[in-house]
Amino acid sequence: MRRVLLAVSLVVPAIGTASDGAAQSAEIAEAARSAEIVVLGEIHDNPDHHRTQAEIVAALQPAALVFEMIPQQFEDEVNRLRAAGASRDQIAEALDWDDSGWPDFDMYAPIMEAAPEARIFGGGQPTAEVRRAMLEGAAGVFGPDAEKYGLDQPLPPEEMAAREALMRAAHCDGVPAEMLPGLVEAQRFRDAGLADAALWARTMAGGGPVVVIAGTGHADKHRGMPALVAVAEPGVRVFALAQVESEPDAAESDAFDAVAVAAPPDRDDPCAAFGAPGG
């Protein structure tokens, strides 16, 4: 691989005016200002989540931006293109974005553009390695730094069962039980990759601030990328924002420093691919 959490609970209304949204983003940014790493979660295809991220990034002006969506091997080219004044289309082409499986690049470009001086870092892991982690376990695939992030230690049985239940729900109860441990290992691998990228970005940026753009599941302070940052470097101050589409329960809210709720966009039933009902 690469060579005082803030006690805030903010809930953004599901429906509001644009000015209300900007005010909420400013409030979240202010709450996050003393953190060295700020993790801005999202549901990937929700445009309101990306607008909020761009507003927070504009307010914070971080020294570095880490994207789950960008593989590490592309970051130098992205930074070169940004320095040369490249267009969105040129950056998207360099990232092979149209074939990446992520939503339209125009959702993510404004986040980059909100901090023009920020250095971009890739936090994405190669698909082949994620698949290997499912089969072989996260530690063996991650390599020598696995111990640094606690990947060499198995999860306690109760915690493993809880994570398997989360994976089952995330996949609409549509995957066989025998696949669940592998999915948990893949998630641990991806979270460790994001933590590693964020800590490397912090070092390269002289201490931060660093903003991480990732799915809300990765922003979970108890199980996601912030938890692995805490294992690797306990003194680093991390702020985690969840962006969701329905009011969270108390347990969900406790896993983040702030929670923002935005109405879902029109989309096809995400469970259709699993042959299961939505929900």
Side-chain angles (χ1 to χ4, degrees), residues 1-6 29 32-42 53-54 56-86 90-92 94-95 97 100 102 105 108-126 129 141-151 189-215 218-219 221 224-241 257:
M1 305 304 292
R2 293 176 186 269
R3 314 287 159 236
V4 145
L5 296 175
L6 304 177
R33 198 168 293 282
S34 65
E36 296 165 270
I37 296 174
V38 178
V39 190
L40 302 181
E42 65 179 50
Q53 289 169 329
I56 294 171
V57 167
L60 292 177
Q61 288 300 302
L65 281 166
V66 177
F67 285 86
E68 176 194 356
M69 305 81 201
I70 297 179
Q72 181 183 340
Q73 66 263 31
F74 290 125
E75 64 187 37
D76 287 342
E77 179 65 5
V78 171
N79 287 306
R80 186 192 70 77
L81 288 170
R82 276 165 56 85
Q90 289 172 313
I91 294 173
L95 289 169
W97 195 274
S100 70
W102 294 106
F105 186 68
Y108 291 93
I111 303 169
M112 292 186 185
E113 293 162 2
E117 301 302 317
R119 181 169 173 177
I120 304 298
F121 290 83
Q125 303 304 310
E129 292 192 3
V141 182
F142 198 81
D145 286 340
E147 182 179 358
K148 175 179 179 180
Y149 295 100
L151 298 181
F189 175 72
R190 294 171 67 203
D191 282 325
L194 282 167
D196 196 61
L199 290 172
W200 177 248
R202 173 178 169 270
T203 298
M204 295 299 290
V210 173
V211 167
V212 179
I213 304 297
H218 293 298
K221 295 190 301 179
M225 168 259 185
L228 297 186
V229 169
V231 170
E233 295 192 27
V236 174
R237 299 185 304 277
V238 179
F239 181 96
L241 168 69
D257 295 296

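For this chain, numbers begin at 1 and follow the sequence in order.
Applying the side-chain hydrogen bond (donor to acceptor under 3.5 Å, both in side chains) criterion to Glu233, with sequence neighbours excluded, gives Arg202.
Here the closest heavy-atom approach between residue Ala114 and residue Ala54 is recorded as CB-O, 3.4 Å. Counting all heavy atoms, side chain and backbone alike, Ala115 lies closest to Pro62 at CB-CD, 4.0 Å. Heavy-atom minimum distance, Ala59 versus Ala29: CB-CB, 3.7 Å. Between Ile37 and Ala198 the shortest heavy-atom distance is CD1-CB, 4.0 Å. Nearest heavy-atom pair, Val231 versus Pro234, reported as atom, atom and distance to 0.1 Å: O-CD, 4.2 Å. When all heavy atoms of Ala205 and Ala63 are compared, the pair lying nearest together is CB-CB, 3.6 Å.
Met69 is not listed as a side-chain neighbour of Phe105, based on a closest heavy-atom distance of 4.5 Å or more. Proximity of Val229 to Leu199: side-chain heavy atoms (C-beta onward) are separated by under 4.5 Å at one or more points. Counting heavy atoms from C-beta outward, Pro226 and Val39 have side chains that approach closer than 4.5 Å. For the pair Pro116 and Gln61, the minimum side-chain heavy-atom distance is below 4.5 Å.
Note: Ile70 CD1 to Met112 CE = 3.5 Å, rounded to the nearest 0.5 Å. For the atom pair CG of Asp191 and CG of Asp196, the computed distance is 12.5 Å after rounding to the nearest 0.5 Å. The distance from atom OH of Tyr149 to atom CZ of Phe142, rounded to the nearest 0.5 Å, is 5.5 Å. From Phe74, atom CZ reaches atom CH2 of Trp97 across 11.0 Å, with rounding to the nearest 0.5 Å. To the nearest 0.5 angstrom, Leu95 atom CG is 11.0 Å from Glu75 atom CD. Note that the CD1 atom of Ile111 and the CG atom of Leu40 stand 8.0 Å from one another [nearest 0.5 Å].
Using cut-offs of 30° and 60° on the angle between ring planes, the pair Tyr108 and Trp102 is perpendicular.
Environment of CD in Gln73: crowded, with over 12 heavy atoms of neighbouring residues, nucleotides or ligands closer than 6.0 Å. Surrounding CD of Glu147 are at most 12 heavy atoms belonging to other residues, nucleotides or ligands under 6.0 Å away.
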> Should Met225 and Val66 be marked as a side-chain contact (heavy atoms from CB on, under 4.5 Å) after you check the CA-CA gap, both sets of side-chain angles, and the distance that decides it?
Replying inline: CA-CA 12 Å; Met225 168 259 185; Val66 177; over 6 Å; no

>> Checking Lys221 against Val238 for the side-chain contact (heavy atoms from CB on, under 4.5 Å) test, could you report, in this order, the C-alpha distance in whole Å, the side-chain angles of both residues, the deciding distance, and whether it holds?
In response: CA-CA 9 Å; Lys221 295 190 301 179; Val238 179; over 6 Å; no

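Under the 3.5 Å distance criterion, the side-chain polar atoms of Glu42 are left unmatched by any main-chain donor or acceptor of Ile213. With hydrogens and angles ignored, the 3.5 Å screen pairs no side-chain donor or acceptor of Arg82 with any backbone N or O of Ile120. Under the 3.5 Å distance criterion, the side-chain polar atoms of Gln125 are left unmatched by any main-chain donor or acceptor of Arg190. Using modelled atom types, no side-chain atom of Glu68 and backbone atom of Gly123 make a donor-acceptor pair closer than 3.5 Å.
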